[in-house]
There are 2 protein chains.
Amino acid sequence: MNIPFATIERLAIYVRCLRHLKERGVKKISSYEMAEHTRTTPEQVRKDLSYFGKFGKTGEGYDVEALLKKLEKILKTKRKWNVAIIGAGSLGTALSKYKGFKEVGYDVKAMFDIDPEKINKKINGIPVYHIEKFGEVVDKENIEIAIVAVPTEAVQDIEEIIAKSKVKGILNFAPVTLNLKTRRKIVVLDVDLTQKLYIISYLIKNKWEE
Amino acid sequence: MNIPFATIERLAIYVRCLRHLKERGVKKISSYEMAEHTRTTPEQVRKDLSYFGKFGKTGEGYDVEALLKKLEKILKTKRKWNVAIIGAGSLGTALSKYKGFKEVGYDVKAMFDIDPEKINKKINGIPVYHIEKFGEVVDKENIEIAIVAVPTEAVQDIEEIIAKSKVKGILNFAPVTLNLKTRRKIVVLDVDLTQKLYIISYLIKNKWEE
DNA sequence: TCCTGTGAAGCAATTCACAGCT
DNA sequence: AGCTGTGAATTGCTTCACAGGA
């Protein structure tokens, strides 16, 4: 069966939600309550889950802890992932401080830059290497995911370096489409902050002024 | 006609792409080239544009500058927007430094926090206020968009403050669903960094290990 | 009664295929 | 020949509606 991408996106939100519920000691939850917490509908919640199995009890709802475990397994989120951040500027540094990553199993093992002032020092305890060492460090530290946080001008220079490395997935904050010339499949997800603001502007205009 | 949300999302990417092309002095572009630059298909590009009018010349393609202007107008991106950042931690600070925003017309006018060490000082030239002053500053500075960059624990405290203010749109970096109890429509867009990593993990697993 | 799980229906988005312009 | 613009076909996603278990 083909699982909708939108379902995967929501699954990640369900995991987040279930974690919060577990922390607060909530034991049971229905698809109705879940939907309220995640801006969707109960039917959607049930349908999303149904792609992967039957996790609920009729008339009762879902067991928070059990469902969380199942979803984490589906998303492969239970195991640890080693991450590198390319670009030790303000965004890269902010991301390296982000506690949320480590809490859920994403461990930033290395940062990369070209500024000699930054190289061979540590930022928040994370070693900063020259970008030339990327492939080498990726191998040594078993890094599977790279976060790209470099300015637009620098993207060209790092595309080839990434393509040649063994990295499997990229979270890209640079506002350009990465052009990875490689036979391997590399998963790329874009986070374009400016795009989000554009969309907000459009939605404001169309919700407010008509 | 009802315009697909996915179309709006792509429109923002087209704008970004056209800006780059314009800077590089490119005058003409076909839907085929556009598609290559934006990870989509030529048909999709043409269909997206067709919701808003006819911008191309048969057999020739699109005029980069003219198309850019049209799309900017559609997205209301040509006019200026005043923005506030709530949370002067590392993420908020990184966002305040982000040059991309100002370049495209989003002007960060104020930041908010509760830490007395930060209040009444400036970060990157932007004044930091106590969150209590939020409504007041929003009015005075004509702020329409708020960027939420506070830790999860702090979200509860700011939800009501935002709901009461005149803000029209929110870009939310906190990994929780905002619960804005207000009659007004406020546009909320979430950027959940952890969610993105979850999705990458899933996609890696499903592209690589089967 | 309350809530899950799921085929079927309905709706939305994408892709196809081609007419038509230059 | 080359490329746009767009109805029609197709694919994909969501919502409906209800059977069935506790």
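Keep in mind that the numbers below use all heavy atoms, side chains included, and drop hydrogens, waters and symmetry copies. Source: prediction; values computed, not measured. Letters A, B, ... are given to chains in the order of the sequence lines, protein chains preceding strands, and every chain is numbered from 1.
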Practice task
Using chain B heavy atoms and a threshold of under 4.0 Å, write down where along DNA chain C the contacts begin and end, 5' to 3'.
Solution key: C:dA13 to C:dT22
Practice task
Tell me, with the steps shown, if B:W81 and A:I204 meet side chain to side chain contact (heavy atoms under 4.5 Å, CB included).
Solution key: CA-CA 11 Å; B:W81 293 83; A:I204 288 176; 3.9 Å; yes
Practice task
Would you tell me if any nitrogen or oxygen in the side chain of B:Y62 comes within less than 4.0 Å of OP1 or OP2 on D:dG5?
Solution key: yes
Completion exercise
To the nearest angstrom, the CG-P distance between B:D48 and D:dT4 comes to 14 Å
Fill in the blank from the handout: The complete set of salt bridge (charged side-chain N to carboxylate O under 4.0 Å, His left out) pairs with one or both residues in residues 28-39 of chain B, sequence neighbours excluded, reads A:D190-B:R39, B:K28-B:E60
Practice task
Sequence neighbours left out, what pairs pass side chain to side chain donor-acceptor pair (under 3.5 Å) with at least one residue falling in residues 41-52 of chain A?
Solution key: A:T7-A:D48, A:R10-A:D48, A:Y14-A:D48, A:S31-A:R46, A:T41-A:E43, A:Q44-A:D48
Handout entry: Listed once per pair and sorted, the ring pair (Phe, Tyr, Trp, His ring centres under 6.0 Å) pairs that draw on residues 142-193 of chain B, sequence neighbours left out
Key = none
Handout entry: Integer-rounded Å distance: D:dG7 P and B:E43 CD
Key = 16 Å
Exercise for the section: Could you pull out all residues at least two apart from B:A110 that satisfy side chain to side chain contact (heavy atoms under 4.5 Å, CB included)? Expected result: B:F112, B:Y129, B:V137, B:I143
For residues 88-98 of chain B, dump all side-chain donor-acceptor pairs below 3.5 Å to protein atoms at least two apart in sequence or in another chain.
residue: B:T93; atom: OG1; partner: B:A88; partner atom: O; Å: 3.3
residue: B:T93; atom: OG1; partner: B:G89; partner atom: O; Å: 2.6
residue: B:S96; atom: OG; partner: B:T93; partner atom: O; Å: 2.6
residue: B:S96; atom: OG; partner: B:N124; partner atom: ND2; Å: 2.7

Please write out the pairs of protein N or O atoms and N or O atoms of nucleotides 8-10 of chain D separated by less than 3.5 Å, giving the distance to one decimal.
none

Exercise for the section: Rounded off to whole Å, could you give me the CG-to-C1' distance for the A:L49 and D:dT14 pair? Expected result: 15 Å
Handout entry: B:D157: partners by salt bridge (Lys or Arg N to Asp or Glu O under 4.0 Å), with sequence neighbours left out
Key = none
Practice task
Give, for atom CG of B:D139 and atom CZ of B:F134, the distance between the pair rounded to the nearest 0.5 Å.
Solution key: 10.0 Å
Fill in the blank from the handout: Taken to the nearest whole Å, CE/B:M34 to P/D:dC3 is 15 Å
Exercise for the section: Quick one: closest heavy-atom pair of A:T152 and B:H20, and the distance? Expected result: CG2-CE1, 3.8 Å
Practice task
Could you please spell out the steps behind the side chain to side chain contact (heavy atoms under 4.5 Å, CB included) verdict for B:D107 and B:V83?
Solution key: CA-CA 6 Å; B:D107 205 353; B:V83 176; over 6 Å; no
Exercise for the section: May I ask you to list the residues of residues 52-61 of chain A, by number, that have any heavy atom positioned under 4.0 Å from an atom of DNA chain D? Expected result: A:T58, A:G59, A:E60
Fill in the blank from the handout: Scanning both residues in full, the closest heavy-atom pair of A:M34 with A:C17 reads SD-SG, 4.1 Å
Exercise for the section: May I ask you to verify if any side-chain N or O of A:Q44 is less than 4.0 angstrom from the OP1 or OP2 atom of D:dC13? Expected result: no
Fill in the blank from the handout: In this structure, CD1 of B:I29 is separated from CG of B:L18 (nearest 0.5 Å) by 6.5 Å
Exercise for the section: Give a yes/no answer on whether the side chain of B:S31 brings an N or O atom under 4.0 Å of OP1 or OP2 in D:dC3. Expected result: no
Fill in the blank from the handout: Within residues 2-21 of chain A, the residues having a heavy atom closer than 4.0 Å to DNA chain C are none
Problem - Residues A:K164, A:E160; criterion salt bridge (charged side-chain N to carboxylate O under 4.0 Å, His left out); working and verdict - result: CA-CA 6 Å; A:K164 274 186 185 157; A:E160 204 190 329; 3.0 Å; yes
Fill in the blank from the handout: Here the residues of residues 66-76 of chain B within 4.0 Å heavy-atom distance, strictly under, of DNA chain D are none
Handout entry: Gap separating the CG atom of A:L178 from the CD1 atom of A:I158, nearest 0.5 angstrom
Key = 7.0 Å
Fill in the blank from the handout: In short, salt bridge (charged side-chain N to carboxylate O under 4.0 Å, His left out) pairs touching residues 61-75 of chain B with sequence neighbours left out are B:R19-B:E72, B:E72-B:K78
Exercise for the section: Using only side-chain N and O atoms of B:R46, determine if any of them is under 4.0 Å from OP1 or OP2 of D:dG5. Expected result: no
